[in-house]
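Structure record follows, encoded as structure tokens.
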Amino acid sequence: MAINKNHEFEELDGIKCAIVEKNAPQARVDFLKKLLSINGFEVVVVPSPAPKAAPAPAAAAPAADAGTENAATPPATTQATEPPAVEAPSSFTIGVTDYTFNSTNAVFGRLLKTPQGHVVTQAYWLQKEGETIEEVPYYDFK
């Protein structure tokens, strides 16, 4: 169990991992897997479990009055429904085998590098810009 929401860990494919991100789309998985592998982390990716759907309400059969039964009408039959088709997972859970890894500390502690050798900024981590340059600290603005 994690101390707080920012440092979660659990077993992924039988390996204890620090959770980097949950419910990530495939494009995000590709981005983070490449970035974390370059920085020396072993990445584990598993499909996220499907969200729990509320059970469908059962159709209530109309109550038949004892005096109005018609012998000519056959009893209602239930039709067998097909199970839903299994879809490819659309979201994934990303973890690293170093369970002391914390993505917040890694980004703000400037511990990660891009493939070009720049420091990973928050904008780069969140994929808000294509290429990143090292951010100028607020106290250096003139």
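Along the sequence shown, the residues carry numbers beginning at 1.
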Side-chain donor/acceptor of [X] to backbone N/O of [Y], under 3.5 Å:
X	Y	result
Asn102	Thr104	yes
Asn39	Leu35	yes
Asn23	Thr93	no

With a 4.5 Å heavy-atom cut-off, do Gln26 and Asp30 have their side chains touching?
yes

Validation row: Val120, Lys113 side chains within 4.5 angstrom (heavy atoms)
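Counting from C-beta outward, Val120 and Lys113 never come under 4.5 Å.
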
How long is the straight-line distance from CG of Leu112 back to NE2 of His118, given to the nearest 0.5 Å?
15.0 Å

To the nearest 0.5 Å, what is the distance between CG on Leu36 and CD on Glu42?
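If I round to the nearest 0.5 Å, the distance is 12.0 Å.
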
So, for Ile94 and Ala24, which heavy atoms are closest and what is the spacing to 0.1 Å?
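Distance-wise, the nearest heavy atoms are CD1-CB, 3.8 Å.
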
If hydrophobic clusters are built from ILVMFWY residues whose side chains come within less than 4.5 Å, do [X] and [Y] share one?
X	Y	result
Leu32	Phe92	yes
Phe108	Leu126	no
Phe41	Val45	yes
Val20	Val44	no

Whether over 12 other heavy atoms sit under 6.0 Å from Glu21 CD
yes

Qualifying ring-ring contact (aromatic ring centres under 6.0 Å, His included) pairs, either residue in residues 13-38, two or more places apart
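Non-adjacent pairs meeting ring-ring contact (aromatic ring centres under 6.0 Å, His included): Phe31-Tyr124.
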
Tell me, please, whether Trp125 has Arg28 positioned over its six-membered ring: NZ or CZ under 6.0 Å from the ring centre and within 45 degrees of its axis?
yes

For Glu11, check side-chain hydrogen bond (donor to acceptor under 3.5 Å, both in side chains) against everything at least two apart and list the hits.
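Residues passing side-chain hydrogen bond (donor to acceptor under 3.5 Å, both in side chains) with Glu11: none at all.
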
For Glu10, which residues count as a side chain to side chain contact (heavy atoms under 4.5 Å, CB included) partner, sequence neighbours excluded?
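Glu10: side chain to side chain contact (heavy atoms under 4.5 Å, CB included) contacts with Leu12, Ile19, Lys22.
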
